[in-house]
Amino acid sequence: MLLITCPHCGARPEIEFRYGGEAHVARPADPATLDDAAWAEFLYMRSNPKGWHAERWRHEHGCGRFFNAIRHTVSDRIVVTYRAGEARPDLATIPGLDTP
Amino acid sequence: MKFSLLSLARQALRGHADWPAQWRSPDPKPAYDAIILGAGGHGLATAYYLAREHGMRNIAVVEKGWLGGGNTGRNTTIIRSNYLWEESEAIYEHAVKLWETLSQELNYNVMYSPRGVMMLAHTIHDVQVFKRHVHANRLAGIDNEWLTAEQAKEFCPPLNIAPGMRYPILGAALQRRGGTARHDAVAWGYARGADRLGVDIIQNCEVTGIRRGAAGAITGIETTRGFIATPKLGVVAAGHTSVVMAMAGVRMPLESYPLQALVSEPIKPAMPCVVMSNTIHAYISQSDKGELVIGAGTDVYTSYSQTGALHVTTHTLDAICELFPDFRRVRMLRNWGGDRRRHARPLAHHRQDPGSRPLRQLRLGHRRLQGDAGLGSCLRGDDRTRRPASDRRPLLPRPVPDRSADRRGRRGGRRALRPPCC
Amino acid sequence: MADALEGRAPIVWPDRLRVAALPPQARFVFRGDAEAAARAGDAFGATLPMTPCRAAADDARAALWLGPDEWLLLAPPGTEDGTARDIAAALADLPHALACVSDRHAALTVSGPRAETLLAAGCALDLDPRAFPQGMCTRSLLAKAEIVLWRHQPASFRLEVRRSFAAYVWDFLAEAAREHASA
Amino acid sequence: MTGAFRTTTGGRIDRARPLSFRFDGRAFTGCAGDTLASALLANGVHLAGRSFKYHRPRGILAAGAEEPNALVGIDRGPGRYAPNLRATQVEIHDGLVAESQNRTPSLRFDIAALADFAAPLIPAGFYYKTFMQPAGWWAKLYEPRIRAAAGLGRAPRGADPDRYTQRYAHCETLVVGAGPAGIAAARAAAARGDRVILCDEQAEPGGSLLAETRARIDGLCAQDWLAAALAELAAEPRVTILPRTTAFGYFAQNFVALAERVTDHLAVPDPNLPRERLWQVRAREVVLATGAIERPLVFPENDRPGIMLADSARTYLARYGVKPGCRALVLAAHDDAYGAALDLAAAGMEIALIVDPRPAADGELPRRAMAAGLPVRMSATVVGTRGRLRVHEAHVGTIGADGGVRGVDVVSCDTLLMSGGWTPSVHLHSQARGKLAFRADLQAFVPGATPQACRSVGACAGEFGLQAALGPATRVEDDPVREGGFAGALPHDRPRARAFVDFQNDVTAKDLTLALREGFRSIEHVKRYTTNGMATDQGKTSNINALAIVAAASGRAIPEVGLTSFRQPYTPVTFGAFAGTSRGELFDPVRTTPIHGWAVAQGAIFEDVGQWKRAHHFPRPGEDMHAAVRRECAAVRARAGIFDASTLGKIEVVGRDAAEFLERLYVNSWKKLEPGRCRYGILLNEAGFVIDDGVIGRLAPDRFHVTTTTGGAARVLSMMEDYVQTEWPDLQIWLTSTTEQWAVIAVQGPKAREILAPLTEGIDLSRDAFAHMAVREGRVAGVPARLFRVSFTGELGFEVNVPAGQGRAVWEAIWEQARRHDAVAYGTETMHVLRAEKGYIIVGQETDGTVVPDDLGLGWAIGKGKRDFVGKRSLSRPDIAAPGRKQLVGLLSADPGHVLDEGAQIVAMRDPPPGTPALGHVTSSYWSATLGRSIALALVADGRARHGQTLFAPMPGGAVPVAVTGPVFHDPEGRSLDG
Ligand SMILES: Cc1cc2nc3c(=O)[nH]c(=O)nc-3n(C[C@H](O)[C@H](O)[C@H](O)COP(=O)(O)OP(=O)(O)OC[C@H]3O[C@@H](n4cnc5c(N)ncnc54)[C@H](O)[C@@H]3O)c2cc1C
Ligand SMILES: NC(=O)c1ccc[n+]([C@@H]2O[C@H](COP(=O)([O-])OP(=O)(O)OC[C@H]3O[C@@H](n4cnc5c(N)ncnc54)[C@H](O)[C@@H]3O)[C@@H](O)[C@H]2O)c1
Ligand SMILES: Cc1cc2nc3c(=O)[nH]c(=O)nc-3n(C[C@H](O)[C@H](O)[C@H](O)COP(=O)(O)O)c2cc1C
Ligand SMILES: [Zn+2]
């Protein structure tokens, strides 16, 4: 069970959270203007990297907030969490990202 | 050397000194007519059928680790074809038919054991869903029958059907021809078969890049053992498919989630069949060696960790103990994970909306153990229905245009790409 | 008023543990920003804490921080209408939301020297007083049910539970408490 | 006397407390403090099990968790049989009943041992090579036989009545292993004021100190020092010492799982105590002090009863006061075997010979042994043994300079002790994703870097010796340094002889080389082909030897070959411990409505909907389900019925932008909905498929009361929060779940108004004042209520929302009125039938994740001119706009008495050949009391264009012809809605 740091409540057990998929996949402002391919891209394409992954979590059984985390998908190590709406941190500025 | 009781006896007299290697460990040649990436069940079966059905000889399977060490070596070995959607029914039914004679075909005992797969219904909604399966399967000519709770108990005596259960068992859908097989033997049997047909299986050879020519067509792969030229590449990398496809600049509608399995210590035969419960998330069978083989739920987040979380294991085992209270004192021996890939878009969506292009890339490799034989043997045909290639047309995939690129107006490069299509 | 835990006699292992249902209570969920919360606190009669996972309480009223814009307010039973009126009046010009949820929950206390240990049978949080001091409160899970957990006294936790989960939470605690029956 | 082999003094057992137990029906006596293994050895019993494949007789090899041979079943009565327990870990208690396994009919005489004679025919992987002909015989004939022969212990029968619990724990320092290294670490942590958990799998903490005979620590003998150290730790309030507790799994972020065996060692367990307890510990730092496992030696016929690990034999003597035999041959590839020989000799055992394959041994212990006059032969090895049920002689040969073995001397002995040195227990370190480094001097892997806050100390770190374990602050005397280690197979000259590597799975050195010959080069392949390391001991004694053999045979270095993965659990863990209290009623919360008790009292039959129990129907005496539902249906249409709809999800949406929010989320238009009105809302996912529906009422300009399906409540709220928080944070709205705040009582039927009128205050129920799809607030039965005028039956209907605490009282008040009108209480089945008669859909029944609103004929609900809402863009994708989609229709079977099967497929022809694609399927099917015939809803390709056509539902007994109709069977004009 991972220990996930909610930006509001601090470190909490994984079972309190719900995973929310890849982060920073914004809903297009005006979907009607997208062609079918671009819409399909929004719906279904995810980067699914083997490495550092920006992803959403919701502290469902806690403060209820959605937030983002950067986690390594091999070691499951989370190096940083940040509030929804905040820009994805520049990975280069986060120490320790060279090792999973 | 043909495997048989006789050859075993003969070898016994010689202290088993003369058994040949079941497959070679060749160094990669500079070039192949086609390369399959991933020596799991799907990759090896693909190579085998390419060689056997379609006479291709100059082909290789490249594998980053050891053959059969991916999901093929870590699944719960269930084989069934009682799927709901016609597309799935067709491919899995084709596969089940292949399974029935696969040991003889490969001269390798894959221990296919059609002992019956039973899916439990706990709610009225489950009953509706599974009855729909039963009807759909029968229409497709696939065996699947409805059992009452009492009949389910008769088929599987340790099953708890007490009406006072938290989620009582209201009935079950039974596919008698479903069952299990020995996961390792499947990989090894196909590997040995493919090797004998001249396929080079190159292990410890990780693909690190996909090289493409000026026109965008594939020219070969970069690997940890050097560059290997090929005009055609089949990607069958299961959970790693999107990672590999990214090397060719192709995005996939896939996400990889850890899926756990576990085995108990071996005990004398106690589980006569396979039992699955979707509602309370657990499935179980017993291997020939005696371990209870149990499948857990998927972990909630994408990962390649090949382990799973403890709370997933606890939930799986509390469900198993509800269904089989006799097994409460049995002990877990080993728990591991695989990286199952999951469509970011479920088949149900795909089906109702078959036009989404990216899936065209994906002929193979996103199915299950039970599909190994089936998918490996039928690469041709419309990818939507994935119908078996009964006509035995040459298998090697046609170039599949990436029409999503077209629409985006990025013709050029992508369009000419002959992407990993099998 | 019928409570979901009505009729459940307390579980008492003297000098060790006590689990007891609490009587009905007026409850609200208040949502709004800091300014609204400050004003709501004045109207309600207990400060709405701005520190995450903290509660402010006096004998009659309590306000529990549940999220950055969410508080659970507890007040004596029967004060629903008055409280709603007071808050609405005080915040007429400030965006906020107030929903009465008096009946949404049932409440119980777990107290005594073994309280932390008992809760640890199903709650994954660190309940040591250094990690979970008096006045701390949060939503969390107890086994398979969501709870609001509040250390309202040094050796006593208050659990607010969705009413349909109350029987489960009680039965779970009763089962887990069994091992404490023997000293 | 508790056994002929019991010493008169010494050890930690209590000779004054004899305990009787049974093994395979024979009565024995042991002492308090004995394990089953030590008690059997004290009684001269070595034969304790049969091997997995060849059913060879096997004795007790070890003294701890690594034991591969002595597996037993323990029977504590009905439902309480546990197979495959290690006799070395089972503590005896008075009345213990143990039995041996995997033998027929008895341990001494096992028919299946015939397999041993067939051994040449059944090497590693033989089953992949045979049993293929004739096709089909595998499953029918061979497989059942193989299964019966395999499988070790018998399966438990009957539900286990014991209880299991779980506990989460948090600490600054978790120490695994309470040997000297672990105790030292725990003391240091306690001194810092940490919360410390110190666990050890054994019955007593102490580890190797419990059997330490020589060394003095701070001037005390080891046991006295141990007692003092433990007393000191026990006095620390922040230290928790957990004996009988195995750390079995090490997960990310220092999350460690422990299994505590609470009552198995007790003759009469306290019924309030669980049998086992699963601990889930989150630790800031983990100290692994798990010690090391002694390594067997691989030589021909090394598996007979009486052949033991040398230090285990010494442990039996020192800790349990048991001599393992009378005359021992010691095969010493490591100095510790000399230490064992010395101790056993001192206790009066005859040491026939110490055989050392090394050319020289100049360590302290060999020197002492030689000084004590023990016979030693260097450069020698054992090339064979004899003895069916117990070793009685060993054949000793000399290793020549070329590595060959020459000359055989027969040495008689009843015990053969061996040691290849120690294998550090790096299991948990490796599970923690720590790296491993190979140390050639030890021929062992030791812990390397770890990504977690975790360190290994003592023997598990490859640091042997008490001084290393205890640290410089503690003074240790007389603890001679022991070095070296041997891995692999000893040389011999008998190509046909079997030298066992994995005792439990009967894997021999030859099996390993066979696998290599057959192309299985990766150690993972070798493992899977030979099954080495896959037995219940997971290769604790065998993996390193197998690895060395594979390395030597393939000309690779050991680290090049690499290890197989260590996985949890370290030792097997009971399923029940994982399940914990989560069983029966506590398996999953049973959620009930405030009205549940009333329904129970009325004899309702319930169904599970998610976690909820819902009343399915209310049978009267003598009625079956069908009769009850018919009666309920008829009553609602003719008069009225009341229905508990409390499980419906409810969400209060409040804020300036509430209407805008719903506008963006649901397909419908909301902005123009007036306060006091409600509307049927449909919710899609972004892919365009229907995922939920429900009535939404506008209570005020900035306040909506949203209802969802029962199953969808949490999902919809979560989805709403997602959009509010992450997509549209600009919107000023807040969401509050009020599902449980309200009890919901649906009053439906022509008499609904009359039933409610006497109870309602402050709301004008008249047709004009309170129109269909309106909502009002007032009082019902004296309780503040939100009253919705809605209908899911097609009849005049109201849904009364009252605070849940009053739900039952209001229900009973309404019921009083209802009875006056001869109305009924009805359950979910009647609700389903009535709505189906009206063609109303149920999400999850008419939809399956692939259905868009138009498929359901609900295109009308989509707000006209809305530019966007969740899922809208998907509705214009070509495949969703394409013709041929499945559409909701009604079906009437030609035989009105025939109720179609839900899920039945629909095709165009009467006798579809297998493989015919279906046109669709039946989603709902009922007997309609209203129509006096069966009805069904179905999704059928191009269904709306097929009205009037005859299609077929293929059934086992023949296809059922059905006529396609519209989905509304009853009152299509909606006249009844107004009562
Ligand atoms: C726990 C679990 C239980 C399951 N249970 C069942 C079941 O009961 N029934 C069932 O039918 N299915 C089951 N499955 C699914 C089934 O195991 C898989 O779908 C199937 O084995 C996939 O085979 P594959 O050949 O496609 O993939 P894999 O066997 O995973 O093979 C892919 C190979 O590609 C290699 N690879 C990846 N990247 C590279 C690279 N860059 N270069 C070279 N090689 C690379 C990998 O090392 C791997 O060997 C289960 C899966 C899991 C994880
Ligand atoms: N048996 C050996 O480990 C071994 C070998 C050589 C020397 N020695 C001597 O032992 C001392 C080293 O002591 P040490 O403390 O490192 O080892 P130790 O063997 O004394 O203690 C290790 C303890 O950890 C327990 N343990 C192992 N795995 C466990 C798990 N997963 N969960 C719970 N408990 C577990 C063991 O049962 C044992 O009690 C030195 O004095 C040395 O001379 C021991
Ligand atoms: C059907 C099946 C049965 C297995 N039986 C055993 C077993 O009896 N003993 C064992 O140690 N492992 C068993 N395993 C697990 C493997 O040892 C191994 O954990 C799994 O293949 C994953 O590989 P990994 O743990 O090396 O990553 C089994 C695996 C499968 C798929
Ligand atoms: Zn939080």
Side-chain angles (χ1 to χ4, degrees), chain C residues 1-4 6 24 27-33 69-70 77 80-81 95-106 117-128 130-132 143-146 161-169 171-182, chain D residues 163 165-171 195 238 262 270-274 277 279-280 282 580-583 585-594 596-597 611-612 646-647 652-658 702-703 732-743 784 802-809:
Chain C
M1 196 193 264
D3 193 87
E6 208 170 56
R27 297 181 177 89
F28 295 90
V29 171
F30 178 83
R31 308 289 302 264
D33 63 11
D69 64 353
E70 179 180 1
E80 280 87 352
D81 291 348
H96 73 281
L98 188 72
C100 174
V101 293
S102 300
D103 292 48
R104 193 175 75 167
H105 299 184
T117 313
L118 175 63
L119 290 168
C123 178
L125 298 177
D126 186 352
L127 300 177
D128 187 276
R130 297 189 203 178
F132 204 104
K144 296 184 178 179
E146 186 180 279
V161 185
R162 296 282 163 105
R163 67 179 295 126
S164 70
F165 288 95
Y168 168 84
V169 165
D171 293 344
F172 172 83
L173 289 171
E175 168 68 14
R178 268 184 69 177
E179 65 180 270
H180 300 285
S182 324
Chain D
R163 294 164 53 248
T165 59
Q166 304 188 342
R167 190 174 293 173
Y168 290 99
H170 302 260
C171 62
R195 282 179 294 174
R238 290 170 75 78
V262 184
D270 178 343
N272 281 321
L273 290 180
R277 186 183 284 126
W279 291 74
Q280 301 182 60
R282 179 83 64 183
T581 45
S582 195
R583 68 194 288 178
E585 289 280 282
L586 292 176
F587 172 64
D588 205 27
V590 178
R591 303 179 67 186
T592 59
T593 74
H596 184 80
Q611 292 172 317
W612 291 99
S646 304
T647 62
E652 195 110 332
V653 178
V654 184
R656 182 191 65 202
D657 299 320
D702 64 348
R703 186 177 291 259
Q732 196 191 84
I733 67 128
W734 290 275
L735 307 163
T736 304
S737 166
T738 49
T739 303
E740 308 239 22
Q741 167 67 15
W742 303 106
V802 290
Q806 325 270 16
R808 170 120 183 222

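Below, chains carry the letters A, B, ... as their sequence lines are ordered, and counting in each starts from 1.
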In terms of heavy-atom proximity below 4.5 Å to chain D, should Val101(C) be classed as side chain, backbone, both, or neither?
both

Pair count under 4.5 Å, heavy atoms only, with chain C: among Gln611(D), Arg238(D), Gln166(D), highest is Arg238(D)

CG of Leu125(C) to OH of Tyr168(D): how many Å apart, nearest 0.5 Å?
9.5 Å

Taking atom CZ of Arg163(C) and atom OG1 of Thr739(D), what is their separation to the nearest 0.5 Å?
13.0 Å

Under the ring pair (Phe, Tyr, Trp, His ring centres under 6.0 Å) test, residues paired with His596(D) that sit two or more places apart:
Phe606(D)

Part of Ala121(C) within contact of chain D (heavy atom distance under 4.5 Å):
both

When rounded to the nearest 0.5 angstrom, what is the spacing between CZ in Arg808(D) and CD in Glu6(C)?
10.0 Å

Can you find a pair of side-chain heavy atoms, one from Pro784(D) and one from Glu80(C), that are under 4.5 Å apart?
no

Per-residue contact mode, Ala124(C) against chain D (heavy atom under 4.5 angstrom):
both

Counting heavy-atom pairs under 4.5 Å with chain C, which one of Leu586(D), Val654(D), Thr581(D) comes out on top?
Leu586(D)

So do the side chains of Val590(D) and Tyr168(C) get within less than 4.5 Å of each other, counting heavy atoms only?
no

If one checks every heavy atom of Thr592(D) against chain C at 4.5 Å, the contacting part turns out to be backbone

Taking the side chain as every heavy atom from C-beta outward, state whether Asp588(D) and Lys144(C) have any pair of such atoms under 4.5 Å apart.
yes

In terms of heavy-atom proximity below 4.5 Å to chain C, should Trp742(D) be classed as side chain, backbone, both, or neither?
neither

Heavy-atom side-chain proximity of Thr736(D) to Arg104(C) below 4.5 angstrom:
yes

Quick one: does any side-chain atom of Glu179(C) pair with a main-chain N or O of Leu273(D) as donor and acceptor, under 3.5 Å?
no

For Arg27(C), is it the side chain, the backbone, both, or neither that has a heavy atom closer than 4.5 Å to a heavy atom of chain D?
neither

Atom OG of Ser102(C) and atom CD of Gln741(D): how far apart are they, to the nearest 0.5 Å?
6.0 Å

My understanding is that only residues two or more places apart in sequence, or in another chain, count here; which of them pass ring pair (Phe, Tyr, Trp, His ring centres under 6.0 Å) with Phe30(C)?
His96(C)

Mind running side-chain contact (heavy atoms from CB on, under 4.5 Å) on Glu585(D) and Asp171(C) for me, showing each step along the way?
CA-CA 9 Å; Glu585(D) 289 280 282; Asp171(C) 293 344; 5.7 Å; no

Max heavy-atom pair count under 4.5 Å with chain C, selected residue of Arg282(D), Glu652(D), Arg703(D), Gln280(D)
Arg703(D)

Donor-acceptor pair, side chain of Asn272(D) and main chain of Ser182(C), under 3.5 angstrom
no

Is Ser582(D) close to chain C through its backbone or its side chain, or both, or neither, when contacts mean heavy atoms under 4.5 Å?
side chain

State, without any angle test, whether Glu740(D) and Ser164(C) hold a side-chain donor-acceptor pair at a distance under 3.5 Å.
yes

Keeping Arg178(C) on the side-chain end and Pro271(D) on the backbone end, is there a donor-acceptor pair under 3.5 Å?
yes

Closest-packed option against chain D by number of heavy-atom pairs under 4.5 Å, given His180(C), Arg130(C), Glu70(C)
Arg130(C)

Please classify the contact between His105(C) and chain D as side chain, backbone, both or neither, with a heavy-atom cut-off of under 4.5 Å.
neither

Would you call Arg195(D)-Asp128(C) a salt bridge at under 4.0 Å N-O?
yes

I want to check something: taking the side chain as every heavy atom from C-beta on, are Glu175(C) and Arg163(D) in contact at a cut-off of under 4.5 Å?
yes

Side chains of Pro589(D) and Phe172(C) in contact at under 4.5 Å (non-hydrogen atoms):
no

